[in-house]
Amino acid sequence: QVQLVESGGGLVQTGGSLRLSCAASGRFFNINRMGWYRQAPGQQREFVASTTPGGSTIYADSVKGRFTISRDNDRNTVHLEMSSLKPEDTAVYYCNAESRRTAYSNYSIQWGQGTQVTVSS
C-alpha cells in the first residue's frame, strides 16, 4: 500500500507562487500516474494535473500556463509549481497515485490527506 504525504500549502497573495510536493512511501512494485486534484469549499473535487513515469503531462484548462507538474521517479515524489495564483485557486489540494503491489497486481488509486492553498485577493 502506498502512503502519500503532501506539503507546501499555505497562504499567498494574488499573483504569487507556491510549490506543492507529494512523497510516496510504503510497499509497492511501481507507481504509474501521479497527479494533483483540488477541492474548494462546496465544490466537487476536480482534476488539476498529472504525469506519467516517462514525463508526459496533462493539465486542466484552468491551470494551463500557470502550473507545472514534475516528478522525481527515484524519490517517488511529485511536485506542483503554481504561479500567477488567483483567488479561485483556493482549495485543498490532494495528491494521488496509481500503484500496484506486484507486477501481477491491478493498479489501485491512493490519495494523500490534502494540503490547503489559500489565495487572498
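To the nearest 0.5 Å, the span separating CG on Leu18 from CG on Leu85 amounts to 6.0 Å. The line from OG of Ser121 to NZ of Lys86 is 14.0 Å long, rounded to the nearest 0.5 Å. We find the CD-OG1 distance between Gln13 and Thr118 to be 13.0 Å, quoted to the nearest 0.5 Å. Note that CG of Asn106 is 10.5 Å distant from CD of Glu98, once rounded to the nearest 0.5 Å. Annotation: the span from Asp89 atom CG to Ser62 atom OG amounts to 7.0 Å, rounded to 0.5 Å. Here OG1 of Thr51 is found 7.5 Å from CZ of Arg33. Values are rounded to the nearest 0.5 Å.
A donor-acceptor pair under 3.5 Å is absent between the side-chain atoms of Glu46 and the main chain of Gln44, judged by distance alone. A donor-acceptor pair is defined here as one N or O able to donate and one able to accept, closer than 3.5 Å; no such pair exists between the side chain of Ser50 and the backbone of Gly35. A donor-acceptor pair under 3.5 Å is formed between the side chain of Tyr59 and the backbone N or O of Ile69. The backbone N or O of Gln113 lies less than 3.5 Å from a partner atom in the side chain of Glu6, making a donor-acceptor pair.
Val117 and Val63 fall within a single hydrophobic cluster, where Ile, Leu, Val, Met, Phe, Trp and Tyr are joined by side-chain heavy atoms under 4.5 Å apart, directly or via other members. Taking hydrophobic clusters as Ile, Leu, Val, Met, Phe, Trp and Tyr residues chained together by side-chain heavy-atom distances below 4.5 Å, Val92 does not share a cluster with Leu80. No chain of hydrophobic side-chain contacts below 4.5 Å, direct or via other Ile, Leu, Val, Met, Phe, Trp or Tyr residues, connects Tyr37 to Val2. A chain of hydrophobic side-chain contacts below 4.5 Å, direct or via other Ile, Leu, Val, Met, Phe, Trp or Tyr residues, connects Ile31 to Leu20. Criterion: ILVMFWY side-chain heavy atoms under 4.5 Å apart, direct or through other members. Under it, Tyr107 and Phe47 are not part of a common hydrophobic cluster.
The minimum heavy-atom distance linking Ser84 with Arg66 is given by the pair O-NH1, 3.0 Å. The shortest non-hydrogen separation linking Ala24 to Leu4 is CB-CD2, 3.5 Å. Annotation for Ser99 and Gln110: closest pair OG-OE1, 2.7 Å, computed over non-hydrogen atoms. When every heavy atom of Trp111 is checked against every heavy atom of Asn96, the shortest pair comes out as CE3-CB, 3.6 Å. The heavy-atom pair separating Ala40 from Ala91 by the smallest distance is N-CB, 3.8 Å. The two residues Arg100 and Ser105 come nearest to each other via the heavy atoms CD-O, 3.7 Å.
Under the 30°/60° scheme for interplanar angles, the aromatic rings of Tyr93 and Phe67 are found to be tilted.
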Problem - Check against side chain to side chain donor-acceptor pair (under 3.5 Å), Glu81 and Ser70 - result: CA-CA 8 Å; Glu81 298 275 0; Ser70 62; 5.9 Å; no
Exercise for the section: Walk me through it: do Thr77 and Ser21 pass the test side chain to side chain contact (heavy atoms under 4.5 Å, CB included)? Expected result: CA-CA 7 Å; Thr77 58; Ser21 296; over 6 Å; no
Exercise for the section: Apply side chain to side chain contact (heavy atoms under 4.5 Å, CB included) to Gln116 and Thr90, showing your working. Expected result: CA-CA 8 Å; Gln116 177 70 46; Thr90 295; 4.0 Å; yes
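Heavy-atom neighbours of Arg101 CZ from other residues, nucleotides or ligands within 6.0 Å: at or below the threshold of 12.
Considering only heavy atoms from C-beta on, Ser7 stays 4.5 Å or farther from Thr115 through its side chain.
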